[in-house]
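Notes to accompany the following structure.
Atoms within a ligand are numbered from 1 in the order they appear, just like the ligands themselves.
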Amino acid sequence: MEPKAKERLEEFLHRREILKELRRIAREGRKSLVIAFDRILEFDMELAKSLLDNPVDFLDTADEILGGITKLPGMRLRVMGLDKSVEIRKIRAGHVGKFIQVEGILTRSGEVKPEATEAVFKCRRCGEKNKVLQVGEFFREPLVCENPNCGKKGPFDLVIESSEFRDWQSMCIQEPPEKLRGGRMPRRLDGIVRDDFVDKAVPGNHVMLTGVLRVFQEGRRQERKKTFRKILFISHIEVLQKGVEEAELTPEDKAQIKELAKDPWIRNKIIQSIAPSIYGYDAIKEAIALQLFGCEAIDLHDGTRIRGDTHVLLTGDPGVAKSQILKWAANVAPRGLYTSGMKATGAGLTAAAVRDEISGGWALEAGALVIADGGLASIDEFEKMRSEDSNAILESLEQQTISVAKAGIVATLNTRTAVLAAANPKYGRFEKNLTIAQQVPLDPVILSRFDLVFIMRDEPRADQDRAMAHYILELHRAPTKVVKPPLDLDFLRKIIIYARQNLDPKFDDKEAMKTIEDFFVDWRRVAERGEAPLPITVRQLEAIVRLAKANARMRLSDRATVEDANRAINLIKRSLQEAGIDTETGKLDIDVLMTGKPKSQRDNIRHVLEIIERLEREYGGAAPVEEIKRIAESEGIRPKFVEELIDQEKIRGHLYEPKPGMVARAVK
Ligand code: ADP
Ligand code: MG
């Protein structure tokens, strides 16, 4: 650093308010002096410029000065808040060696490792201890022994106990999802952070980083390449709070949104603007609209939490625009993300411990649900998710966190994400006379976490077919004319951002509460004596409250009304009538969704087991399979069902085969 600049830096760091800050930092045992870039700029523009252009020099000198003032080792200057950030995809050769600011989602954080700052070497010839300061990026040994009577070139032994270390961590950030509209692949940037800033952020955090962009040659010693890899040596990390998107809103936008709030048709206008190029599916569009607006989670005093995000599952025939709808939703949602359950690379849907190239150790990598924290994740081909994910997905859907305990990494990551999933049925087409659990290869426990499930069927219906064909053909003829929703995409996104930021609708309207209560009680009354199946459970009750609040937020109102409650009830009813029907009886049975086994099936299972018990007594310990099937059929249970049941129970060890063609219960 030039003497003049160094003098100015000395002066700056000796200013009274900074000395005062340093005393406080030392008292609290911290190691970092954080300074906003503006403060340097106000003090001396030239000095500020030298930070941007020669940051390594600047920061090393500053640390030296701070060490001199505080007499504490490892005191550091960290600079935050540059006026402009560089987009990760726009980092170029010109940025190498410069002080830059980047914004992104932390996707990976490595384990914290000790890094040597001062290594002590013992000379094998004379026993002298040589101290070597570890500056630069590579480990340094002494050239010759410091002992004037020795002075040999070693050999030396490293004395770990006398050496000094500091914390070191590698990490990786990726472009934030909202910068990736249109399905672009996110670009990434590696970084290294030291001392008291390690573990400042966890994967999934939206962060603003400042630091020096440095490069390291690629390839091994013998065949070094001309290309270099970029690593940001991080100076400061700021974890951005929810609401960074609000910066996108201008005062005119806000005025326009407030004007719209007075429009009595606001609800319809928003729903009609959902996936406008897709014909029909009004209920699904309403569900997605509500998902986009969402409501706040409730934190209870006992530490538990009721989620505010609504999860929606679409299933049904192929080619009914499921994928199209998912992509649209991910594109409009703030922090929206589209992914497929099948994608085998990376951390998948939840999180994973992966090998870290920079540190050579393990790192924690965030999956789709963590990256979309605070937004919406569209997950296509949900049924094809990896088995690691299907274990973790339950926690991430309900508690909205993911706990990772792998390869020495223990962490809990947030997944406060609304999930819009699409699943394809096992047999290609959706069979009308099978329940959803029988043909969508998803664990019923996972299925039960979705607030709304829609089955999209591709059935020929003359009147509708003509209208749809007409719509799609017109769309190809004049795309901009036909797809003219009441609210355009950008404005819709702004409304969503505004509502999510500024409104947390109250749920205290007496009439609304009574309506929901009545609905719940009435629908469950039919099942009271255990004869009829249970149509809904508390899960649906919570879902209704969530949807009612989301309805209010969508209207840009701060209070849920009885109408909001009714709309929520209707949507839940609609979803249950599609997906919650026991196809054996045609009756509504929540167990179709909750356990995968509707009451009729459970009744039949019990019945068959009773027949087996009776026959065991008659035939002396074991029952002939043919006889079981005959009796069951005479009581209206299909032989195929009996066969499947016997096979299943044999696998589970409840039944066994003492002789061919005979079965017996394992426990009598
Ligand atoms: P899926 O994921 O359900 O198999 P896709 O989303 O791939 O189906 O849809 C197949 C194609 O059919 C898409 O181009 C989609 O736009 C079109 N399509 C299907 N149904 C509709 C509809 N109701 N309105 C407009 N386009 C439709
Ligand atoms: Mg698809």
Among R449, R305, R416, whose salt bridge (Lys or Arg N to Asp or Glu O under 4.0 Å) with E398 holds?
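Looking at R449, R305, R416, the match for E398 under the salt bridge (Lys or Arg N to Asp or Glu O under 4.0 Å) is R449.
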Under 2.8 Å from the Mg ion (ligand 2), how many protein N/O/S atoms can be counted?
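Excluding waters, the total comes to 1.
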For side-chain contact (heavy atoms from CB on, under 4.5 Å), just list the numbers for D451 and R307, CA-CA rounded to whole Å, side-chain angles, deciding distance to a tenth of an Å, and then say yes or no.
CA-CA 11 Å; D451 302 285; R307 73 177 144 95; 2.9 Å; yes
Looking only at protein heavy atoms, identify the closest one to [atom] and say how far it is in Å.
atom	value
atom 2 (O) of ligand 1	S323 OG, 2.7 Å
atom 21 (C) of ligand 1	A321 CB, 3.8 Å
atom 22 (C) of ligand 1	Y279 N, 3.6 Å
atom 4 (O) of ligand 1	G319 N, 2.7 Å

Quick check: V320 and ligand 1, any N/O pair under 3.5 Å apart?
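By distance alone, the answer is yes.
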So, regarding I472 and ligand 1 (criterion: nitrogen or oxygen to nitrogen or oxygen, under 3.5 Å), is there a contact or not?
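Not met; the criterion fails.
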Give the atoms of ligand 1, by number and element, whose distance to some non-hydrogen atom of [X] is under 4.0 Å.
X	answer
P318	4 (O)
M468	22 (C), 23 (N)
I278	22 (C), 23 (N), 24 (N), 25 (C)
Y281	23 (N)
Q324	6 (O), 16 (O)

Does any non-hydrogen side-chain atom of M554 lie less than 4.5 Å from one of I495?
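I495 vs M554: side chains apart.
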Taking the side chain as every heavy atom from C-beta outward, state whether F641 and I605 have any atom pair closer than 4.5 Å.
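Result yes, sub-4.5 Å side-chain heavy-atom pair found.
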For the pair K322 (side chain) and D317 (backbone), establish whether a donor and an acceptor sit closer than 3.5 Å, ignoring hydrogens and angles.
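Such a contact is found between K322 side chain and D317 backbone.
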Exam field: side chain Q291 to backbone V419, donor-acceptor pair closer than 3.5 Å
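Indeed, once roles are kept as given, a pair shorter than 3.5 Å links the two residues.
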When the ring planes of F382 and F450 are compared, do they come out parallel, tilted or perpendicular, using 30° and 60° as the limits?
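Plane angle over 60°, so perpendicular.
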When you measure from atom 11 (C) of ligand 1 to the protein, is at least one non-hydrogen atom found at a distance under 4.0 Å?
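Flag for atom 11 (C) of ligand 1 set to false, no protein heavy atom closer than 4.0 Å.
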Counting only heavy atoms on the protein side, is anything nearer than 4.0 Å to atom 17 (C) of ligand 1?
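For atom 17 (C) of ligand 1 the answer is no, since every protein heavy atom stays at 4.0 Å or beyond.
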Does the side chain of [X] come under 3.5 Å of the side chain of [Y] through a donor N or O and an acceptor N or O?
X	Y	value
T561	D509	no
T515	D518	no
T107	E365	no

Salt-bridge test for [X] and [Y]: reply yes if a basic N is under 4.0 Å from a carboxylate O, no otherwise.
X	Y	answer
D490	R493	yes
E542	R539	no
R574	E286	no

Heavy-atom distances under 4.0 Å decide this one: backbone, side chain, both or neither, for [X] against ligand 1?
X	result
M456	neither
S277	backbone
Y471	neither

G280: heavy atom below 4.0 Å from ligand 1, yes or no?
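Flag not set, G280 not near ligand 1.
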Which one of R559, R553, R555 satisfies the side-chain hydrogen bond (donor to acceptor under 3.5 Å, both in side chains) criterion with D564?
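The single option meeting the side-chain hydrogen bond (donor to acceptor under 3.5 Å, both in side chains) with D564 is R555.
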